[in-house]
Student: 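Below is a structure I'd like to ask you about.
The figures that follow rest on heavy atoms only: side chains count, while hydrogens, waters and symmetry mates do not. Below, read A as the first sequence line, B as the second, and so on, with proteins coming before strands; counting in each chain starts at 1.
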2 protein chains.
Amino acid sequence: MPELGALEVLLAVARGGSLNAAAREVGVSQQAVSARISSMEAQTGVPLVTRSARGSALTPAGVVVVEWASRLLDVAGELDAGLAALRQDRRTRLRVSASLTIAEHLLPGWLVSLQAAARQRAQAGPEVVLTAANSDTVIEQVRRDQADVGFVEGPQAPRDLRSRVVGRDALTLVVRHDHPWTRRRRPVAAQELAATALVSREPGSGTRDALVAALRAALGPGAVLTPPAMALSTTTAVRAAVLAGAGPAVLSELAVADDIAGHRLRRVPLDGLDLHRELRAIWRGPSRPPAGAVRDLIAHIALRERPA
Amino acid sequence: MPELGALEVLLAVARGGSLNAAAREVGVSQQAVSARISSMEAQTGVPLVTRSARGSALTPAGVVVVEWASRLLDVAGELDAGLAALRQDRRTRLRVSASLTIAEHLLPGWLVSLQAAARQRAQAGPEVVLTAANSDTVIEQVRRDQADVGFVEGPQAPRDLRSRVVGRDALTLVVRHDHPWTRRRRPVAAQELAATALVSREPGSGTRDALVAALRAALGPGAVLTPPAMALSTTTAVRAAVLAGAGPAVLSELAVADDIAGHRLRRVPLDGLDLHRELRAIWRGPSRPPAGAVRDLIAHIALRERPA
DNA sequence: GCCGGTCACAAGGTCGCCTTGTACCCCTGC
DNA sequence: GCAGGGGTACAAGGCGACCTTGTGACCGGC
């Protein structure tokens with residue numbers, strides 16, 4: 001498996017059309033670029049570049065690999081932006097606190113496009129410092145002025161804080177690809193779901209609370225809900241349990257989109273339950289977001305997520 | 001930026017709950033795991049793991065990073081599967097030839113899920129050898145028995161070959177986020193598109209041919225089509241040109257989905273043009289796919305893509 | 001109180017990658 | 001015809017990252 005750095009060099013060669021141009025772009029010597037490409041070709045067993053005395057061009061296989069690598073580096077850039085935001089050592093400019101679901105699945109993309117937008121205006125983007133926690137903690141941090149802005153999901157916008165909807169999410173019922181429910185023709189009813197032992201998050205999690213609230217709304221406050229088959233503290237653990245065959249789960253669509261696209265999990269239609277929820281930015285103080293970085297951030301995100 | 005190997009180690013720690021378990025899983029010494037995690041924490045400036053005498057657990061930041069890393073490694077796995085398929089040195093078991101669009105955007109996912117499905121049955125998956133070329137070349141290779149199965153897009157299923165639809169694609173008009181067309185209220189009509197100088201692929205490309213065919217179908221065979229602003233030989237180059245402000249382009253939705261999600265490009269609605277096209281598996285010989293690997297592959301892909 | 005499990009510290013070896021210096025090739029223009 | 005600029009290849013040497021082995025300390029269960 002080639003390293004990310006080697007792939008970046010390959011992309012630079014593709015862009016520049018020569019090893020030399022790539023070397024200048026990356027900031028190393030021409031020989032280093034040549035050696036890295038060679039070692040990558042040896043490692044993968046695939047010829048990627050044809051070298052000639054008047055430049056280097058990609059082979060047909062190289063064109064395809066560049067496309068794949070470009071996707072990979074995009075995702076790597078999101079991770080990098082996220083890590084930069086988690087780094088606490090700098091003087092904080094903009095303290096963001098976000099629920100786990102939002103931090104895991106949306107924030108990296110927001111950060112990347114925020115920086116890209118800033119770069120386009122030839123400005124430096126804000127230095128974002130991120131804290132990820134559960135929804136209650138996020139609200140508490142905003143209240144105590146430990147965060148300039150928070151992002152939470154769910155309808156419970158606290159009254160003492162201001163908020164703005166910046167996107168939507170929905171919970172969805174998922175099972176492993178070989179679960180009997182994948183062969184159902186009818187959607188699962190609320191009553192049936194309540195009678196099923198699910199793999200669930202721990203009590204207090206926003207995802208679990210939202211499901212319970214929706215079930216009680218559909219079946220009445222006195223409805224008997226089957227206790228979970230197991231309660232785990234992270235989405236990743238829940239997903240792993242479902243993949244191990246522990247049973248169905250109800251998770252955010254954001255969390256399972258990749259697994260559904262990769263056909264590791266399957267979505268099962270539900271009937272009679274409203275599991276949509278709004279994603280909100282929350283902040284303290286006056287009813288409009290304060291001028292400056294906080295307002296810019298919220299406006300940027302709302303613009304990003306609205307058309308989607 | 002942490003290396004992929006380091007992220008794999010981190011995921012192993014998250015799964016196993018201890019450095020030692022991760023070391024066994026990855027196949028290195030416990031000290032190596034400890035050092036790698038430490039160096040990663042130093043590199044990123046983010047504490048990821050809390051170590052204790054009875055195991056190691058992720059910090060809150062670590063949980064989020066693990067989720068991000070997991071996405072990254074999924075994409076890396078697709079690249080790896082693709083590279084393995086491009087490697088020609090093995091004895092070929094199953095020779096696949098695919099059009100550029102399919103090879104770039106769909107095949108890695110197919111390969112990963114094919115191997116996963118095989119592993120689940122405790123079998124070794126087929127050794128796929130991939131050739132990526134334009135549609136005409138793919139068809140020619142299947143005809144000459146240089147490929148066991150081909151994948152092409154577009155309606156032109158050659159009559160002397162057998163085929164089966166395994167998915168759908170559509171071309172879409174895209175512009176840079178700051179292009180005037182992003183502020184239009186009405187869709188762009190076929191006539192208007194024909195009068196626009198687009199950034200385009202080279203003549204002979206399936207994408208370009210499909211657009212021309214759709215325009216002629218809408219406007220009549222004698223319609224005057226404005227020549228492209230520029231003609232480039234890869235989708236990547238076209239995308240780069242659009243991002244550089246060279247003008248609008250018509251590209252496969254598969255090719256621009258990431259850019260649209262990342263808000264680098266914007267889709268512009270079209271009116272009066274049918275730009276859908278079918279993705280087909282093609283093969284030689286009898287009307288049913290021959291038994292064995294070719295049939296398994298086609299069935300697997302059709303099952304994957306149908307519900308989407 | 002022993003034992004299995006966990007993690008940390010230290011020393012030494014290997015290997016990958018980068019740099020510098022040099023040589024060759026191709027095309028262009030005078 | 002020949003110089004010059006841009007391109008790539010080969011070779012030697014240095015630095016640093018990573019891994020291994022050996023050893024010590026801490027925690028909890030039987």
Student: B:Gln43 CD to D:dA17 P: how many Å, rounded?
Tutor: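 To the nearest whole Å, that distance equals 10 Å.
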
Student: Check residues 22-32 of chain A and write down every donor-acceptor pair under 3.5 Å in which the side-chain atom is one partner and the other belongs to a residue at least two apart or another chain.
Tutor:
unit_1  : atom_1 : unit_2  : atom_2 : d
A:Glu25 : OE2    : A:Arg15 : NE     : 3.3
A:Glu25 : OE2    : A:Arg15 : NH2    : 2.7
A:Ser29 : OG     : A:Ala32 : N      : 3.2

Student: Please enumerate all residues that pass side chain to side chain donor-acceptor pair (under 3.5 Å) together with A:Thr226, with sequence neighbours excluded.
Tutor: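 Scan of A:Thr226 (side chain to side chain donor-acceptor pair (under 3.5 Å), adjacent residues dropped) gives none.
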
Student: Sequence neighbours excluded, which residues qualify as side chain to side chain donor-acceptor pair (under 3.5 Å) partners of A:Ser200?
Tutor: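 Testing A:Ser200 for side chain to side chain donor-acceptor pair (under 3.5 Å), a comparison that skips the adjacent residues, returns none.
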
Student: Tell me: CG of A:Leu4 to P of C:dC17, nearest whole Å?
Tutor: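 That distance rounds to 13 Å.
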
Student: If you look only at pairs with a residue in residues 49-61 of chain A, which of them pass as a salt bridge (Lys or Arg N to Asp or Glu O under 4.0 Å), with sequence neighbours excluded?
Tutor: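 Qualifying pairs, neighbours excluded: none.
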
Student: Test of understanding: with side chain to side chain donor-acceptor pair (under 3.5 Å), list the residues that count as partners of B:Thr234, not counting sequence neighbours.
Tutor: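 Residues passing side chain to side chain donor-acceptor pair (under 3.5 Å) with B:Thr234: none at all.
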
Student: At a heavy-atom distance below 4.0 Å, what parts of residues 14-28 of chain A sit against DNA chain D?
Tutor: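 Contacting residues: A:Ser18, A:Leu19, A:Asn20, A:Arg24.
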
Student: For B:Ser97, what residues pass the side chain to side chain donor-acceptor pair (under 3.5 Å) criterion, not counting sequence neighbours?
Tutor: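 Partners of B:Ser97 under the side chain to side chain donor-acceptor pair (under 3.5 Å) test: B:Gln141.
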
Student: By salt bridge (Lys or Arg N to Asp or Glu O under 4.0 Å), which residues pair with A:Asp74, not counting sequence neighbours?
Tutor: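 For A:Asp74, the residues satisfying salt bridge (Lys or Arg N to Asp or Glu O under 4.0 Å) (neighbours in sequence not counted) are B:Arg264.
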
Student: I need the CD-P distance between A:Gln30 and D:dG6, as an integer number of Å.
Tutor: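 That distance rounds to 14 Å.
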
Student: Among pairs that include at least one residue of residues 21-64 of chain B, which meet ring pair (Phe, Tyr, Trp, His ring centres under 6.0 Å), considering only residues two or more places apart or in two chains?
Tutor: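 Not a single pair qualifies under ring pair (Phe, Tyr, Trp, His ring centres under 6.0 Å).
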
Student: Side chains of residues 101-112 of chain B: which donor-acceptor pairs under 3.5 Å do they make with residues two or more places apart or in other chains?
Tutor:
unit_1   : atom_1 : unit_2   : atom_2 : d
B:Thr101 : OG1    : B:Glu153 : OE2    : 3.4
B:His105 : ND1    : B:Thr101 : O      : 3.2
B:His105 : NE2    : A:Glu67  : OE2    : 3.2
B:Trp110 : NE1    : B:Glu305 : OE2    : 2.9

Student: What is the separation between atom CE on B:Met40 and atom C1' on D:dC19, rounded to the nearest whole Å?
Tutor: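 Roughly 18 Å, once rounded to whole Å.
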
Student: Contacts to DNA chain C from residues 47-57 of chain B, heavy-atom cutoff under 4.0 Å, which residues?
Tutor: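 The answer is B:Arg51, B:Ser52, B:Ala53, B:Gly55, B:Ser56.
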
Student: Keeping the roles fixed (side chain from A:Arg176, backbone from A:Leu265), state whether a donor-acceptor pair exists under 3.5 Å.
Tutor: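 The answer is no, because no donor-acceptor pair under 3.5 Å joins these two groups.
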
Student: Looking at DNA chain C, which of residues 31-38 of chain B put a heavy atom within less than 4.0 Å of it?
Tutor: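 Per residue number, the list reads B:Gln31, B:Ser34.
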
